[in-house]
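Step one of this worksheet: look at the structure below.
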Amino acid sequence: MAARSSTPAKGSPLRDAVVIGGNRIPFARAGKAYADASNQDLLTAALEGLVARFGLQGEVLGEVVGGAVLKHSRDFNLVRECVLGSSLSPATPAYDMQQACATGLEAAIAITNKIKLGQADSGVAVGTDTISDAPIAVSDGLRRALLEASHAKTLQARLRAFAKLRPADLKPAAPGIDEPRTGLSMGEHQAVTTARWGITREAQDEIAYRSHTNLARTWDEGFFDDLVTPFRGLTRDDNLRPDTSLEKLGTLKPVFGKSLGPGEATMTAGNSTPLTDGASAVLLGTREWAAEHDLPVLARFVDAETAGVDFVHGRDGLLLAPAHAVPRLLARNGLTLADIDFFEIHEAFASTVLTTLAAWEDADYCRDELGLDGPLGTVDRDKINVNGSSLATGHPFAATGGRIIATAAKLVAQRAAETGKPARALISVCAAGGLGATALLESA
Amino acid sequence: MIVTPTTTDGAALDVDVLPVMPGLAALYAKGAASSGRLAAGRAIPGRGAEDSPALTLPTVAHEVDGLATAGLRSHLRDYQRLLHEPGSELLPSGYLHVLAFPLATSVMVRGDYPLPLIGTVHVANDASLLRPVALGDVLDVRAWAERLRPHRRGVQLDVVAEIRTGGELAWRGVSTYLSRGYALPEPRPDDATAPDAAAPVVEDRAPEGTWAPPLPTGRWVLPAGTGRAYGAISGDRNPIHLSAMAAKAFGFPRAIAHGMYTAARALAEVGPARGETYRWTVTFGKPVLLPGTVDVAITQEDAGFAYTAWHAGRRQRHFRGEVTPL
């Protein structure tokens with residue numbers, strides 16, 4: 001069991017956890033290329049691609065961790081099932097976890113913490129989601145009747161359970177992307193945040209345009225050649241619109257915030273991320289484990305910070321939690337925004353990026369909500385999502401973290417190789433429930 | 001009960017102790033019959049509202065003592081599910097309103113109650129939960145009508161309900177009703193300064209579409225069966241809440257949601273920050289048509305929470321109120 005670390009780290013209390021590489025399948029628009037594929041199919045494909053890429057067949061890894069956001073109850077051990085369906089040794093343990101859109105990043109945080117503590121030498125952070133094969137459940141009313149009937153001892157009691165059913169109870173319940181406590185969809189929540197921060201339609205379309213052109217360039221440059229495995233005939237993210245333009249984006253009608261009043265509806269299908277199918281995996285380990293397996297090291301997984309915001313009664317925006325996490329992460333590591341070479345800010349919506357940046361530039365917000373002395377600062381736009389992000393790739397919830405970690409790790413490795421100096425990347429992922437996860441990577 | 005009941009203004013009330021909590025269905029039947037009688041009395045040609053005999057409220061409180069709540073577990077659970085209340089053993093203020101509502105209604109269908117039940121509009125509610133009431137507590141409930149006063153569209157009055165546990169006042173709810181087309185012969189001079197007269201009715205009378213709603217914090221998608229679901233739990237099966245056809249008979253285009261359902265849902269969505277004791281107020285505006293979508297803003301204010309709900313498309317306010325920890 002070489003993968004299990006039995007000796008605690010000596011000297012420094014914590015060991016380095018490093019990103020060795022990543023693999024994902026191209027992300028597909030809902031109901032298209034992966035319409036017939038399950039979460040297990042998608043994740044097994046991404047994991048198996050990682051195994052093939054790094055020669056991990058028969059290997060016992062410390063742990064495989066991750067999950068899916070839209071998950072059927074039968075998939076309680078989804079990640080373990082994918083491990084058993086892969087070429088990894090069945091002795092590799094696994095567990096499922098979920099933190100909405102931050103699932104993939106949180107999985108990497110969990111594994112790297114074990115690696116740093118000496119509880120594991122290697123691991124894979126995974127995430128998958130399919131909107132095409134989303135679980136459909138029975139209504140609460142039918143579910144309660146079925147459960148009550150199954151517990152009933154007599155025919156009479158069983159009939160009594162069903163007598164409570166109403167016609168509406170027979171309607172199936174599709175998985176919601178509405179916030180349970182507010183009933184507002186994520187888009188409607190972000191529309192409120194967008195209006196409150198006065199983010200313009202033009203600024204949002206500009207973000208979307210850059211996301212598509214940057215991603216198209218990145219594919220053309222071959223950046224993803226060692227990060228993506230084709231699946232079901234798809235070789236590139238099919239949401240990518242290489243030929244989009246600001247003019248085309250400008251013609252789209254608003255889809256969110258339409259009831260907020262004149263001029264407030266600025267979020268379109270072009271500057272909002274569509275629901276997508278896909279899966280990703282990131283290989284993590286110690287430097288020693290990588291060396292023993294003759295594998296490269298892209299970046300050090302330095303530190304991470306999560307946050308939650310009080311959005312239920314509108315004190316903060318639903319997707320602004322990363323704005324809270326990042327200043328704490330920077331301060332703990334003695335860094336400022338100026339020390340960061342690459343900002344990977346997940347584009348749930350173009351305006352999510354823009355409201356996060358606006359928050360960091362706002363003296364009142366930074367003082368009252370973030371507890372800072374003044375504005376956190378301004379981010380150089382040319383350092384943000386330089387190889388495209390979710391607006392162009394699409395966003396299969398739990399798979400996004402893995403996509404971003406692999407891209408960021410490769411970016412800092414390339415930059416360090418070019419300049420001979422350390423390079424840093426900051427990852428920020430917002431999530432449903434007013435959650436956010438952030439992480440700091442540094443060239444190894 | 002030991003405490004002698006008096007109205008808010010200090011007038012003594014007789015007490016009529018009922019053996020059990022009356023059933024709402026029978027009360028509605030009685031209310032419909034007396035409404036017909038009252039309407040017939042007013043329909044005599046040549047007699048306008050101004051010529052009506054002076055309206056006086058009965059000076060009697062109805063009381064039911066020893067109301068057990070131990071058997072209400074599944075009823076409470078159904079209420080909690082419908083209103084999005086947590087599955088606690090503590091009875092929310094809206095649930096106590098439901099428990100006291102039949103007794104309050106029984107006052108409004110007394111033979112000497114001067115106004116018809118049918119056509120009476122619930123315009124505001126103000127309930128204070130002064131001590132936590134838990135499932136299993138035994139309740140003494142009392143209700144009476146008071147403070148009959150003029151309103152620009154008729155007359156207003158309050159129906160007060162009180163719930164005591166262990167002899168101590170635990171909950172007090174004041175429901176304000178409007179009866180259109182009635183008038184008091186000589187408005188009392190102090191009415192102009194009464195709280196109701198000072199309420200910002202002008203704002204609520206703003207022409208359609210001119211009121212600018214705040215940014216929403218939530219959205220309720222209310223299915224067509226919302227009125228039937230709350231009717232089944234509260235016992236308030238007023239036909240205007242149950243079906244579009246019945247509602248049309250009373251002049252509404254579709255069935256309308258119970259005002260207390262919407263207010264109790266807002267109370268639930270304030271969440272645990274309301275504490276175990278709180279004051280909960282609501283003023284009703286345009287009714288919520290079913291099925292329907294309601295935008296709400298529930299926001300923290302200095303003393304507690306304020307809430308407003310509106311129809312997003314038509315920019316009409318449905319109701320607003322406050323929840324203040326006590």
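Sequence lines set the chain letters: A, B, ... in the order given, protein chains first and strands last, and positions in each chain run from 1. Hydrogens, waters and symmetry mates are skipped; everything else that's a heavy atom, side chains included, is used.
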Are there more than 12 heavy atoms of other residues, nucleotides or ligands under 6.0 Å from atom [atom1] of [X]?
X	atom1	value
Arg73(B)	CZ	no
Asp373(A)	CG	no
Glu301(B)	CD	yes

Output the distance between atom [atom1] ([X]) and atom [atom2] ([Y]), rounded to the nearest 0.5 Å.
X	Y	atom1	atom2	result
Thr299(B)	Arg315(A)	OG1	CZ	12.5 Å
Arg181(A)	His84(B)	CZ	NE2	11.0 Å
Leu318(A)	Thr217(B)	CG	OG1	12.0 Å
Ser259(A)	His311(B)	OG	NE2	10.0 Å

### Task
Mind running salt bridge (Lys or Arg N to Asp or Glu O under 4.0 Å) on Arg219(B) and Glu188(A) for me, showing each step along the way?
CA-CA 9 Å; Arg219(B) 179 166 297 161; Glu188(A) 290 297 327; 3.7 Å; yes
### Query
Counting heavy-atom pairs under 4.5 Å to chain B, which of Leu184(A), Val312(A), Val192(A) comes out on top?
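Most pairs with chain B among the choices: Leu184(A).
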Measuring heavy-atom distances to chain A, does [X] have an atom under 4.5 Å in its side chain, in its backbone, in both, or in neither?
X	result
Arg81(B)	side chain
Phe305(B)	side chain
Pro216(B)	both

### Between Val296(B), Asp295(B), Val270(B), the one whose heavy-atom pairs under 4.5 Å with chain A are most numerous
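Among the listed options, the one with the most contacts to chain A is Val270(B).
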